[in-house]
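What follows is a short report on a single structure.
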Amino acid sequence: MARRAFFCGNWKLNGSIAESLALATDVRNGVASVRDVDVAVAPSFTALHAVAKRLEDGPVMVAAQDCFWEEKGAFTGEVAPSQLADAGCKLVILGHSERRQLFGELDAAVNLKTRAALRAGLTPIICIGETLTERDAGETLGRIQAQLDGALADMTDAELEGIVIAYEPVWAIGTGRNATPAQAQEVHHFIRTRLATRAPALAPKLRILYGGSMKPDNVRALMAEEDVDGGLVGGASLSAESFIRLVKEGSAS
Ligand code: PEP
């Protein structure tokens, strides 16, 4: 089953509005001629609307880095999925390991956020991944299963159809140490098999991205694996030159 490659740059807590606009514009221009690939960038909240306006009608989509699960009310500091859609977002990254580790986000919250995002018409990119301690203890697949099942609890097939999964081993994020293609494939295949127990017809169609020190020079080998469908890219997405090169290399695989 051919799945369309998808690369999303996660800019994390970086960039003024002007810097985000400049980076987004360079990315848009650089990937304009690349075929058969979906590309998104995820700026900080403050730059979302301006970047979405700049990228309007172009091939590059805008993602937020988080959202809340309620639509309105007394939730100081939170942002609703419909507000993100209103700002021009098409996707939202959920359950990133930094949110889990630094802000105590649990699978149940990821589940609520995922369903709320879908109700607002956003595509959730659900991040799951094991720590180095879990990998060393042989607990990788158990951890992945628990996070996946928790994030997708009680979701219907119609809901599942709208999701993207990102496998991001925590030990590979921002460390310069990517998972080997074989390590990534083992987990991606496990995720797809697990998805198939929930929704057999859908599982072959769902995209599973790899995240964790993906770079222009390792993307081809990762993308050559059967179940690796793209990337969630942190550090290498902060320079237009490296992100464009990564998208080109990754979509040529
Ligand atoms: C990420 O933050 O999702 C990520 C994968 O970061 P990096 O590419 O820098 O490892």
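As the structure lists them, so they are numbered: ligands from 1, and atoms in each ligand from 1. No experiment lies behind these values; they were computed from the predicted model shown.
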Nearest-neighbour protein heavy atom for [atom], which is reported as residue plus atom name and distance:
atom: atom 1 (C) of ligand 1; answer: H96 NE2, 3.2 Å
atom: atom 3 (O) of ligand 1; answer: E168 OE2, 2.6 Å
atom: atom 8 (O) of ligand 1; answer: G234 N, 2.8 Å

Side chain, backbone, both or neither: which part of I173 comes within less than 4.0 Å of ligand 1 when only heavy atoms are counted? both
To the nearest 0.5 Å, atom CD of E130 lies from atom CD1 of I144 at 5.5 Å
Any nitrogen or oxygen of E98, side chain or backbone, less than 3.5 Å from one on ligand 1? no
Does T175 reach ligand 1 with a nitrogen or oxygen that is under 3.5 Å from one of the ligand's nitrogen or oxygen atoms? no
List the steps and the verdict of salt bridge (Lys or Arg N to Asp or Glu O under 4.0 Å) for E139 and R135. CA-CA 6 Å; E139 291 166 2; R135 174 161 284 268; over 6 Å; no
In terms of the angle between their ring planes, are F68 and F75 parallel, tilted or perpendicular, with boundaries placed at 30° and 60°? tilted
Which atoms of ligand 1 have any heavy atom of [X] under 4.0 Å away?
X: G235; answer: 7 (P), 8 (O), 9 (O)
X: G174; answer: 7 (P), 9 (O), 10 (O)
X: G212; answer: 5 (C), 10 (O)
X: A172; answer: 10 (O)
X: G211; answer: 5 (C)

Determine, for [X] against [Y], whether the closest basic-nitrogen to carboxylate-oxygen distance falls under 4.0 angstrom.
X: R143; Y: E134; result: yes
X: R198; Y: D149; result: no
X: D227; Y: R207; result: no

Regarding W11 and Q65, do their side chains bring together a donor and an acceptor under 3.5 Å, going by distance alone? no
At their closest point, which heavy atom of A166 faces which heavy atom of I125, and how far apart are they? CB-CG2, 4.0 Å
